[in-house]
2 protein chains.
Amino acid sequence: MTNDPMRLKRVSITDVAKAAGVSPATVSNALNKTRHVEAETLDRVMRAVRELGYVPNAAARRFRTGRANSIAVFSSMPAPVAAGPSKLGFLMEIAAAAAEAALHHGLALVLVPPVPNAAQVLRDTSIDGALLIEPSADDPFGQILRDRNIPTVTIGDSGGSDMPCIQFDYPLMARLMLDHLRDAGAREFLLVVGSSKRATHAAMRSAYLAQAEATGMTPHVLELDEELGEAGATRMVAEILRDRPGVDGIMSPVDAFASGALQAVRLAGRRVPEDIRVITRYDGARAREANPQLTALNLKLDRVARLAIDRLIIEIAGGVGPATTPAPAPALIVRPSTVIA
Amino acid sequence: MTNDPMRLKRVSITDVAKAAGVSPATVSNALNKTRHVEAETLDRVMRAVRELGYVPNAAARRFRTGRANSIAVFSSMPAPVAAGPSKLGFLMEIAAAAAEAALHHGLALVLVPPVPNAAQVLRDTSIDGALLIEPSADDPFGQILRDRNIPTVTIGDSGGSDMPCIQFDYPLMARLMLDHLRDAGAREFLLVVGSSKRATHAAMRSAYLAQAEATGMTPHVLELDEELGEAGATRMVAEILRDRPGVDGIMSPVDAFASGALQAVRLAGRRVPEDIRVITRYDGARAREANPQLTALNLKLDRVARLAIDRLIIEIAGGVGPATTPAPAPALIVRPSTVIA
DNA sequence: CGATCTCGTTAAAACGTTTTACAGGCGTCG
DNA sequence: CGACGCCTGTAAAACGTTTTAACGAGATCG
């Protein structure tokens, strides 16, 4: 019924109007309930809609109203440590929960993986708002989103911008990891962070250094380009293990680095966790499938994603909301990489 | 520069035209390279664009051209067995790879999780095409997509429709699983399938029955509503294990069912794999994080997703492509749930 | 009873872009 | 030299919807 053989022109609101004997404006009002229309008229309109199989042109509507009914989720974490086809990570976990939450508010979620030409999404498709995951201080997506003033909520940390943020408690995360390493018996441990300007690295580093000073431990900080990914971590950590035989613990906020470190330990012929304990922050596929499985933090990303969507809705509506919303407290998940089963 | 204090009206193509002293049409042609414009004119236009900070209105463009520059990925697998915030699955794995591939072609990917109001995405946002994952014969999304004649590529099986398809080799999948179970020593095994009309269930069932007949094995098929998810599988499989003490193997195309079955075996006080071997089809988080880890198939979903995107591009362009494209052959991943380490 | 208000409806404008049809200039060919 | 074609540019239409301003009819009020 709805489409005739020769791929006819789609039926428009004026066709409906004509069929129902009313004006296009009335049809619009009837469908969107923007103004009251008399019951009898409404009925005629609805019947015409049904008979003609009218379905509103989303593109035209979006054009006219300026509302896109969709939001995007970005992450500037480079591919080697973020999502990859087989290594679903942070981004995808948030995307899954966010998509569901967004849909609940009538918004579609467009998924923007960390590839070089990702910014073109902002040029070629219209979105009402964006989620930005753990931006660095000089985040490229952050720049563009701000320039276009697209309502944006950041997840983790605002990266120094004034965008609203679902704030991770980085100090608490660091403390959980540090304390657990000590409790597990480590006395001299290595911190592996990324070299980007992300809050997670900075916070982890300062908490680590503070603790080192307090306990008199000699600090070892390895700073790694995130592009190097897991293999890079293996290589660099192996070097350190050779130079600093006293190291008996490794912590990293980046799961790819931790899992790379695990490799390095194995290659060095040391045992996990007996000789060296390894702990990471993000409990993703890498942590759970490592051998031995990695102790990590439950970041409760599904709840974080929902909070972010809720906050973004406010922002899009032009309402005023809190500059930062605290994320739920992370919880330690103890696994065999730090304690003997 | 780009936005003045009082949140001024966005600069449009006519503003640029005025500033450059040309017509809007020329600006359009200059930007899109639809026609040649003289070098000197082009230069004036580009300068004006830069100075005014013009950025084309994606919504208007999409409205005018009818191209949305985005595609959607749907799965009608109910939430209990498909993606969930913490159980990233089939859908998300394909989405991740598809998003990357799509972006490569200048298309954004909108992620449509299996929630009740998912169909509204088709009403409220415009898309050029869709990916539909393993549709059942009476798939609700399939219906709508066909009605609206939105170019669609199905993944796995076309669900009886005439949509182009990246075809899984279900018989081969079944054979790999059946043969491996036998090789691992199982002699009387149980097949757990969903009750929906999906090709995977039908193919698995018929291969199973054929093999049973050929080898003289008494067949046990458990058909389960997909909505029941993992817990439902545990309950029902437990019952069967009680009634049929001879069962020494369990296979299921659905990872949630297999992992539920694993629970049932444990509850029954039987050992995996010594007493009962368990094998599943989809190698997702559930399979890899189960205890013991589940033997499964590598479906090479990243390559499947890329194939699907390539095929969809053709379909959107109105070109003619193959009705079915074979997916790469699956490969068995042997894990402790079927053989002793 | 005239003025004012409310209610349902409508005509027309507006959104920003691409595209179509045309115009003028200039070179080329017959 | 006229006809024709090519090249660069432009005016105007078109896309389908929402929104604004206005309109007529009836009700209400002074």
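Every chain is numbered from 1 and lettered A, B, ... according to where its sequence line falls, protein lines coming before strand lines. Worth knowing before you read on, the calculation uses all heavy atoms, side chains too, and leaves out hydrogens, waters and symmetry mates.
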- [ ] Please examine the side chains of Asp157(A) and Phe168(A), heavy atoms only from C-beta on, and report whether any two atoms are closer than 4.5 Å.
- [x] no
Task: With sequence neighbours excluded, residues passing salt bridge (Lys or Arg N to Asp or Glu O under 4.0 Å) with Arg50(B) - done: none
Open item on the list: As an exercise, state the distance from CG of Leu31(A) to CG of Leu42(A), rounded to the nearest 0.5 Å.
Closed with: 8.5 Å
TODO: Let me know the distance between CZ of Arg62(A) and C1' of dT19(D), rounded to the nearest Å.
DONE: 20 Å
TODO: Provide, to the nearest angstrom, the distance between the CG atom belonging to Asn69(B) and the C1' atom belonging to dT17(C).
DONE: 14 Å
Open item on the list: What does the B/S/- profile of nucleotides 8-13 of chain C look like, 5' to 3', with a 4.0 Å heavy-atom cutoff to protein?
Closed with: SBBB-B
Task: Side chain proximity check, Ser196(B) to Glu134(B), heavy atoms < 4.5 angstrom - done: no
Task: Distance in angstrom units between Asn32(A) CG and dT17(D) P, rounded - done: 10 Å
Task: Residue pair Leu107(B) / Ile313(B), side-chain heavy-atom distance below 4.5 Å - done: yes
Task: Rounded distance (Å) that lies between atom P of dT18(D) and atom CZ of Arg67(A) - done: 13 Å
Open item on the list: Once salt bridge (Lys or Arg N to Asp or Glu O under 4.0 Å) is applied, do any residues pair with Arg67(B), and if so which ones, sequence neighbours excluded?
Closed with: Asp128(B)
TODO: Measure from CZ on Arg44(B) to P on dT8(D) and round the result to the nearest Å.
DONE: 14 Å
- [ ] Starting at atom CD1 of Ile13(A), determine the distance to atom P of dC15(D), rounded to an integer number of angstrom.
- [x] 15 Å
Open item on the list: By a 5.5 angstrom centroid cut-off and a 30 degree plane limit, is there stacking between Phe63(B) and dC15(D)?
Closed with: yes
Open item on the list: Quick check on the helix from dC1(C)-dG30(D) to dG30(C)-dC1(D): what's the angle between its two end axes, five base pairs per end, to the nearest 10°?
Closed with: 50°
Open item on the list: Would you call the rings of Phe74(A) and Phe141(A) parallel, tilted or perpendicular, taking 30° and 60° as the class edges?
Closed with: tilted
Open item on the list: Rounded to whole Å, please give me the gap between CZ in Arg10(B) and C1' in dA14(C).
Closed with: 16 Å
Task: Separation of dT19(D) P from Leu31(A) CG (nearest whole Å) - done: 13 Å
TODO: Ignoring backbone atoms, establish whether Asn57(B) has a side-chain N or O less than 4.0 Å from OP1 or OP2 of dC15(C).
DONE: no
Open item on the list: So if I take every side-chain heavy atom of Arg61(A) and compare against dT18(D), dT17(C), dT18(C), which nucleotide ends up nearest?
Closed with: dT18(D)
- [ ] Would you list the pairs meeting side chain to side chain donor-acceptor pair (under 3.5 Å) in which at least one residue belongs to residues 105-125 of chain B, sequence neighbours left out?
- [x] His105(B)-Asp310(B)
TODO: Mind checking salt bridge (Lys or Arg N to Asp or Glu O under 4.0 Å) for Arg311(A) and listing every partner two or more places apart, or none if nothing turns up?
DONE: Glu315(A)
